[in-house]
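Scroll down for the structure; my scribbles are underneath it.
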Amino acid sequence: MEVRVRAPGKIILAGEHAVVHGSAAVAAAINLYTSCSLRLLSLVAAGGQEGAGAGAVELDLRDPGLAFSWPCARLCEALGEGCGAAGTGKPRPCSPDQLAAIARLLEEHEIPDAKIWLSAGLSAFLFLYTSILGCSRPGKVVVSSDLPMGSGLGSSAAFCVSMSGALLTAAGAVAAISGVEGTGWELFGKDDLELVNQWAFQGEKIIHGKPSGIDNAVSTYGSMIKFKKGELTSLKSSNPVKMLITDTRVGRNTKALVAGVSERASRHPDAMASVFHAVNSISEELSSIVELAADDEIAITSKEAKLAELMEMNQGLLQCMGVSHSSIETVLQTTLKFNLVSKLTGAGGGGCVLTLIPTLLSNLVLEKVTAELESHGFRCFKVEVGGQGLQVCQGDCSCFNGDVV
Ligand SMILES: Nc1ncnc2c1ncn2[C@@H]1O[C@H](COP(=O)(O)OP(=O)(O)OP(=O)(O)O)[C@@H](O)[C@H]1O
Ligand SMILES: C[C@@](O)(CCO)CC(=O)[O-]
Ligand SMILES: [Mg+2]
């Protein structure tokens, strides 16, 4: 049996970091995906084969170009009781003992120093696989992604959502109920998505430490959402929101940035509470503006001007939180020369920056600003905003553009 799924990355239009402290945030899915294909090997076949791969859980990460294999017997021995297949039951968090056992399993593999940041993703993988399917189900998983990793576009969430979606489908805990017209993709129902989202959140906790849950929610459900304290409101954007994304290519780590903001909040509780409160107001206002129907050029221009101003204010507050970076400031200054407004997206500290592209902006100006940004060594791309969340294609599926097992 082979399952193929994909889960989107995201942009955050307003509210990152403050959302971890209870403020509202607005996020949307983008048309860049992490794809995951999973093939369960039958126990008989796996046991009957001798040599490498027999009776093992294998993971092939195409983008960093690394492959791993853990014999099922070793997983059972290391994880013992933490290893009951719970796929159909309520998602449970990774206990400290389980995490320590997973870390020991990873130490048995030589991960190159330059790719040590992958350990968090590998830990989430081992936790999700063994928690959902148990330790004695041999299988092979291949992951490939359009998303730059560790850049603010939700690569960790897309990884956890696609993995949870594939594993839960293989476990028979969830199943697609409808197709996306004109494509080979199928969608899950609300309850199934909720189960996937809860498992993915447990994976995100391993990677992020203290995630708000917004990234896994938008990757699971898609669309544009307002998210506050775990509660989700779907936003109907009446006009397309066009964003240019600039990847500064400055690597950073969400877990460390989130921890840094929390430390600043404990040093200056009153000041930071005011900052988070201001971000909450910005997200609330931005979410209502997104839903306003603008039918003519004047209305659209005025709507875009309001969105731009709110993004600019949010960027100022992100700077107050200490998560901007000189590369982000360079993007802001460059786009401002063209009267365009930008803000960081995701955890900041480098990574990606959003620039609002007004409907009336000429292609010529867009090309000029892109060329100037790229002259700094940054990478620009345009994305579609607000598409589908988790999708599955079972059987022989030509729509799957990831790598297959
Ligand atoms: N395709 C993948 N394969 C393996 N691990 C991945 C993959 N995508 C993400 N990860 C894991 O997630 C980590 C990056 O997560 P991190 O939260 O720091 O950045 P992000 O999710 O891209 O940005 P943000 O959280 O700001 O949106 C990587 O270091 C790796 O451990
Ligand atoms: C920085 C943060 O707010 C968004 C990361 O995309 C972290 C989170 O909400 O989990
Ligand atoms: Mg992340």
Side-chain angles (χ1 to χ4, degrees), residues 6-30 32-36 59-68 106 111 114-128 141-163 200-201 203-219 225 227-230 245 247 250-262 276 279 283 314 318 321-323 344-354 402-403:
R6 66 176 188 177
K10 61 93 220 295
I11 52 172
I12 298 188
L13 289 95
E16 50 275 270
H17 287 291
V19 68
V20 176
H21 301 269
S23 302
V26 180
I30 56 175
L32 297 176
Y33 300 90
T34 292
S35 303
C36 168
L59 176 65
D60 186 347
L61 298 174
R62 289 291 157 95
D63 303 290
L66 290 175
F68 302 86
L106 292 182
I111 304 171
K115 293 184 178 171
I116 202 67
W117 43 269
L118 269 179
S119 311
L122 291 171
S123 300
F125 166 77
L126 279 177
F127 165 72
L128 291 170
V141 179
V142 178
V143 181
S144 49
S145 185
D146 311 325
L147 294 161
M149 270 182 253
S151 297
L153 298 184
S155 73
S156 61
F159 180 75
C160 292
V161 171
S162 62
M163 200 60 74
F201 182 58
E204 269 280 84
K205 284 207 284 194
I206 295 175
I207 302 177
H208 274 199
K210 194 190 167 197
S212 62
I214 189 172
D215 291 2
N216 50 280
V218 75
S219 182
I225 59 166
F227 182 98
K228 184 170 179 169
K229 293 184 183 157
I245 296 183
D247 183 359
V250 173
R252 71 330 153 267
N253 172 297
T254 298
K255 186 175 183 174
L257 287 151
V258 168
V261 173
S262 293
F276 297 147
V279 173
S283 299
N314 194 172
L318 285 159
M321 294 179 215
V323 295
L344 69 83
T345 190
C352 288
V353 182
L354 295 181
D403 292 301

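In listed order, ligands and their atoms are each counted from 1. Keep in mind that the numbers below use all heavy atoms, side chains included, and drop hydrogens, waters and symmetry copies.
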So, R252 side chain and G348 main chain: donor-acceptor pair closer than 3.5 Å or not? yes
Atom 17 (O) of ligand 1: closest protein heavy atom, distance to 0.1 Å, is H208 NE2, 2.6 Å
Within a strict 4.5 Å, meaning less than it, do heavy atoms of the I111 and L122 side chains meet? yes
Filtering R252, E204, M163 for the heavy atom nearest atom 26 (O) of ligand 1 leaves R252
Ignoring hydrogens and geometry, is there a side-chain-to-backbone donor-acceptor pair from S151 to L153 under 3.5 Å? no
Side chain to side chain, H17 and V258, heavy atoms closer than 4.5 Å: yes
Between L61 and ligand 1, which part of the residue brings a heavy atom under 4.0 Å of the ligand: side chain, backbone, both or neither? side chain
Heavy atom of the protein closest to atom 9 (C) of ligand 1 (residue, atom name, distance): S155 OG, 3.3 Å
The closest protein heavy-atom partner of atom 29 (O) of ligand 1 is W117 O, 3.0 Å
For atom 23 (O) of ligand 1, state which one of G152, P211, G346 supplies the nearest heavy atom. G152
for atom 7 (C) of ligand 1, nearest protein heavy atom and its distance come out as M149 SD, 3.5 Å
For atom 13 (C) of ligand 1, find the nearest protein heavy atom and state the residue, atom name and distance (0.1 Å precision). I207 CG2, 4.1 Å
From H208 atom NE2 to N253 atom CG, the distance as rounded to the nearest 0.5 Å: 8.0 Å
Any side-chain to backbone donor/acceptor pair from D146 onto Y33? Under 3.5 Å, distance only. yes
Compare all side-chain heavy atoms of E16 with those of S212 and state whether any distance is below 4.5 angstrom. no
Crowding at NZ, K229 (>12 non-hydrogen neighbours, <6.0 Å): no
Does T254 bring an N, O or S atom to under 2.8 Å of the Mg ion (ligand 3)? no
Determine whether the side chain, the backbone, both or neither of L153 has a heavy atom under 4.0 Å from any heavy atom of ligand 1. backbone
Passing candidate, side chain to side chain contact (heavy atoms under 4.5 Å, CB included) with F227, options V218, V26, V19: V19
D215 neighbourhood, listing ligand 1 atoms whose heavy-atom distance to it stays under 4.0 Å: 25 (O), 27 (O)
Test of understanding: given a 4.0 Å heavy-atom threshold, classify the contact between F159 and ligand 1 as side chain, backbone, both, or neither. side chain
So which protein heavy atom does atom 19 (O) of ligand 1 come closest to, and at what separation? G150 CA, 3.2 Å
Qualifying residue, where the test is side chain to side chain contact (heavy atoms under 4.5 Å, CB included) with V161 and the options are S219, S156, C36: S219
F159 side chain near V143 side chain, heavy-atom distance below 4.5 Å: yes
For L118, the ligand 1 atoms whose distance to one of its heavy atoms is below 4.0 Å: 4 (C), 5 (N), 31 (O)
Closest by any non-hydrogen atom to atom 24 (P) of ligand 1: pick that one out of L66, T345, I12, T254. T254
When you compare ligand 1 with G154, is there at least one nitrogen or oxygen pair between them that comes in under 3.5 angstrom? yes
Would you mind checking which non-hydrogen protein atom is closest to atom 15 (O) of ligand 1, with the distance to 0.1 Å? S156 CB, 3.3 Å
Taking the side chain as everything from C-beta on, heavy atoms only, tell me whether L118 gets closer than 4.5 Å to L66. yes
SG-CG distance between C160 and L128, expressed to the nearest 0.5 angstrom: 6.0 Å
The answer, listing residues by chain and number that come under 4.0 Å of ligand 2 through any heavy atom, is K10, I12, E16, H17, V19, V20, H208, P211, S212, I214, D215, V258, G346, A347
Indicate yes or no for a side-chain donor-acceptor contact from T345 to the backbone of I12 under 3.5 Å, with no hydrogens or angles considered. yes
So, the side chain of S23 versus the backbone of F276: is there a donor-acceptor pair under 3.5 Å, distance only? yes
Nearest neighbour in protein (non-hydrogen) for atom 27 (O) of ligand 1: K10 NZ, 2.6 Å
Which ligand 1 atoms does S151 reach within 4.0 Å, using its non-hydrogen atoms? 22 (O)
